[in-house]
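Report on the following structure.
A note on names: the letters A, B, ... follow the listed sequences, proteins ahead of strands, and every chain is numbered from 1. The basis for the numbers below is simple: all heavy atoms, side chains too, and nothing from hydrogens, waters or symmetry mates.
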2 protein chains.
Amino acid sequence: MANIQEVARKAGVSSATVSRVLNNTAPVSLTTRLKVEKAIKELNYEPSMLGRNLRNSESRLLLVLIPTFSNPYYIEIINGIEDYSLSNNYNILLCETDSNPERENIFFNMVKNKLADGIISMDPTVNMKKLYELAERHSIVLLSEYDEGGSIPYVTIDHEQAAYKAVNHLIKLGHNKIGFINSDEKFLYARKRREGYERALKESNIPVENEWIYHTEGVDFQDGAQAMRYFFKIKNTPTAVFAVSDTLAIGALKEINNKQLKVPEDIAVIGFDNISFSNMTNPTLSTVAQPMYEMGKKAASMLINRIKGNDVESVLMDYELIIRESTMR
Amino acid sequence: MANIQEVARKAGVSSATVSRVLNNTAPVSLTTRLKVEKAIKELNYEPSMLGRNLRNSESRLLLVLIPTFSNPYYIEIINGIEDYSLSNNYNILLCETDSNPERENIFFNMVKNKLADGIISMDPTVNMKKLYELAERHSIVLLSEYDEGGSIPYVTIDHEQAAYKAVNHLIKLGHNKIGFINSDEKFLYARKRREGYERALKESNIPVENEWIYHTEGVDFQDGAQAMRYFFKIKNTPTAVFAVSDTLAIGALKEINNKQLKVPEDIAVIGFDNISFSNMTNPTLSTVAQPMYEMGKKAASMLINRIKGNDVESVLMDYELIIRESTMR
DNA sequence: GTGAAAGCGCTAACAA
DNA sequence: TTGTTAGCGCTTTCAC
């Protein structure tokens with residue numbers, strides 16, 4: 001592959017001029033521009049990003065941290081991030097941390113040693129201390145999971161209120177025995193959604209029963225099924241279930257099916273995330289939809305702004321309750 | 001962030017020595033090594049990949065081309081690719097082409113201008129002509145989709161035989177009206193699987209009816225549902241359906257449910273891919289499982305070998321028929 | 001075992 | 001409008 005010098009020689013100009021043609025960074029006379037473009041074409045020249053990046057000390061690569069590829073929740077967000085990034089000449093590197101600190105370190109180091117320009121973290125298990133250290137000298141944006149009152153900008157929804165609305169919807173349907181399948185409360189979103197769950201109950205004078213709150217290990221289908229098995233085991237099985245993710249809700253649905261019970265007649269179920277599967281289950285799943293794609297775009301734009309040195313503000317996005325068969329009367 | 005010169009100065013050595021300590025590329029006396037390591041720690045030094053990559057003219061970045069994030073089929077493969085790559089100090093860049101030639105170009109250019117060292121393409125819509133051009137000077141491996149008799153190495157399964165087995169399974173269950181939900185036959189895998197479908201029928205003296213072969217536009221749930229609606233519309237609705245992907249099969253399942261028909265009693269269904277959701281449907285879905293994770297690892301190892309300049313050979317992997325409720329008697 | 005120096009490919013400051 | 005030159009941070013000869 002030819003380099004800029006060879007192009008310059010072939011065109012009979014200096015490499016600086018070739019660079020100027022390439023980047024439109026200073027006026028070049030039409031004749032020389034044509035000569036240069038001809039040489040570029042003839043040599044099949046493509047500028048090396050390696051040289052350019054070293055010189056500009058940027059990589060135009062953004063890291064997107066997610067705990068696992070297997071949660072479909074992230075897909076649309078990633079699409080949003082990618083679309084915005086690509087159209088701003090940034091590429092994104094999808095980083096699966098597996099909630100593994102070692103992996104996390106690999107990715108943090110990529111930023112430190114200039115292989116990436118910034119990070120969008122969607123990983124609720126991320127090491128916040130290290131992230132703050134990194135944030136001192138590098139650009140970081142939090143997506144979905146965030147740190148209240150912290151200095152790292154984030155984009156998220158009002159998890160407390162969204163959970164409140166979901167549970168309230170179940171209450172209005174006449175339920176007062178409402179199970180809550182939550183994930184580990186070390187995650188902020190889990191704590192927030194629990195608050196929303198409790199507020200809805202209290203406002204309707206329904207006592208909050210600890211045995212109706214189940215904490216899962218992960219957010220796989222299996223975890224949801226296991227939670228449901230637990231609810232079946234206790235004496236007072238709920239007549240409605242709110243799960244903090246669609247994957248959990250779908251697992252619960254499956255388990256209810258296995259028991260030959262009917263949704264929503266015997267047990268109503270509502271999830272969270274509006275993943276594409278949620279419309280394919282039988283019955284279809286009610287859920288809370290976040291504006292995934294928009295959140296992704298927003299986060300990307302915030303990050304790129306940060307990289308450019310601008311100040312950015314955190315944002316709270318809207319969400320929507322989606323009623324489907326699993327909570328119809 | 002400190003650079004190698006500052007470390008050298010602080011340690012009282014030359015930058016060459018620091019580099020030698022960093023890369024273990026030549027013997028360094030213990031005392032100087034300790035001095036250097038001390039300086040590195042004190043300055044919190046991390047070598048810049050930008051400089052290193054330019055010097056070594058490599059990026060240690062691999063591109064993984066997939067048509068869309070939203071097909072869960074790719075997840076485990078990507079995990080395999082990523083695990084192998086990371087443990088060999090390569091990072092992977094997941095590239096969603098959206099079957100869009102422009103996007104494809106962006107990614108091809110990354111390889112041309114040294115921003116990436118090679119490509120694993122899982123995109124059946126990829127522009128083969130351009131890919132071959134690229135393959136002349138760069139390392140490429142095809143995964144799942146491949147080019148028979150071409151010069152680009154690939155890893156795949158025997159699609160013809162896998163389809164044959166799936167259909168044969170339906171025949172053994174007593175079906176002789178077997179619908180086939182195929183994707184566009186511009187894809188090699190689709191043509192191969194059709195061959196398998198036809199071979200199974202012919203071997204059992206079941207005539208191949210064109211009206212029982214439906215070609216979808218995409219491989220989303222909706223496409224499967226649409227295919228099933230078509231089968232319901234024709235006079236002679238099949239009693240069993242083989243879909244070339246689980247997503248299609250799940251869409252079909254949903255549509256059968258909507259018709260108040262029972263799977264497998266009224267219509268048996270078998271898919272392809274063994275995505276995680278296939279075990280959560282009601283009934284659970286029979287399918288063909290490819291060794292996704294292993295295929296990913298294998299492809300990554302082949303690509304990295306190629307980059308190193310070694311010759312690599314294409315491989316055919318095993319697959320497995322997974323019988324679940326949707327095809328039980 | 002270690003250092004000096006060149007150079008990977010590019011861009012930007014300065015000079016002309 | 002264009003060329004000269006320095007230098008981004010690193011590794012690797014080649015001397016010593």
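- In terms of heavy-atom proximity, A/Thr125 sits nearest to A/Glu104 at O-OE2, 4.0 Å.
- Shown here for A/Arg60 and A/Asn89, the closest heavy-atom pair between the two residues is NE-O, 2.8 Å.
- Considering every non-hydrogen atom in both B/Asp318 and B/Pro291, the closest pair reads O-CD, 2.7 Å.
- Note: NZ (B/Lys35) to P (C/dG1) measures 14 Å, nearest angstrom.
- Side-chain proximity of B/Ser29 to the nucleotides C/dG1, C/dG3, D/dG3 is greatest for C/dG1.
- When each of D/dC10, C/dT2, D/dG9 is scored by its nearest atom to the side-chain atoms of B/Gln5, the top-ranked nucleotide is D/dC10.
- Within the 4.0 Å cut-off from OP1 or OP2 of C/dT11, at least one side-chain nitrogen or oxygen of A/Ser19 is found.
- For A/Leu54 and C/dG7, the CG to C1' distance is 12 Å, given to the nearest whole Å.
- Residue B/Ser57 is classed as having no contact, given no heavy-atom separation below 4.0 Å to the nucleic acid.
- Nearest-nucleotide assignment on DNA chain C puts the 5′-proximal partner with B/Leu30, out of B/Leu30 and B/Gly51.
- In this structure, B/Met49 atom CE and D/dT11 atom C1' are separated by 13 Å, rounded to whole Å.
- A 6.0 Å sphere centred on CG of A/Asn310 holds more than 12 heavy atoms belonging to other residues, nucleotides or ligands.
- The listed nucleotides are C/dA4, D/dT1, D/dG3; the one nearest the side chain of A/Thr32 is D/dT1.
- Between A/Asn3 and C/dC8 there is no side-chain polar atom (N or O) within less than 4.0 angstrom of OP1 or OP2.
- One interatomic measurement links the two molecules: CG of B/Asn24 to P of C/dG1, which rounds to 13 Å at whole-angstrom precision.
- Between B/Asn113 atom CG and C/dC8 atom C1' the separation is 15 Å, expressed in whole Å.
- When the P atom of C/dC10 is taken as reference, atom CG of B/Leu50 falls 14 Å away, rounded to whole Å.
- The shortest distance between the side-chain N/O atoms of B/Arg52 and the OP1/OP2 oxygens of D/dT11 is below 4.0 Å.
- When distances are taken from the side chain of B/Arg55 to each of C/dC8, D/dT1, C/dC10, the shortest belongs to C/dC8.
- Ionic pairing of A/Lys129 and A/Glu133 is present here: one or more N-O contacts between side-chain nitrogen and carboxylate oxygen are shorter than 4.0 angstrom.
- Going from atom CG of A/Asn56 over to atom P of C/dA13 covers 11 Å, rounded to whole Å.
- Taking side-chain N and O atoms only, B/Ser14 has a distance below 4.0 Å to OP1 or OP2 of C/dG3.
- Within the 4.5 Å cutoff, side-chain heavy atoms of A/Tyr45 are placed close to those of A/Leu22.
- Candidate nucleotides D/dT11, C/dA12, D/dT2 were compared by shortest atom distance to the side chain of A/Thr25, and C/dA12 ranks first.
- Note on B/Asn53: nothing from the nucleic acid sits closer than 4.0 angstrom, heavy atoms only.
- Closest contact between the side chain of B/Arg20 and the listed nucleotides C/dA13, C/dG3, D/dC10 involves C/dG3.
- Of the listed nucleotides (C/dC10, D/dG3, C/dA4), C/dC10 has the atom at the smallest distance from the side chain of A/Pro47.
- In the set C/dG9, D/dG3, D/dC10, the nucleotide with an atom closest to the side chain of A/Ala16 is D/dG3.
- Taking atom CG on B/Leu22 and atom P on D/dT11, their separation rounds to 6 Å, with Å as the unit.
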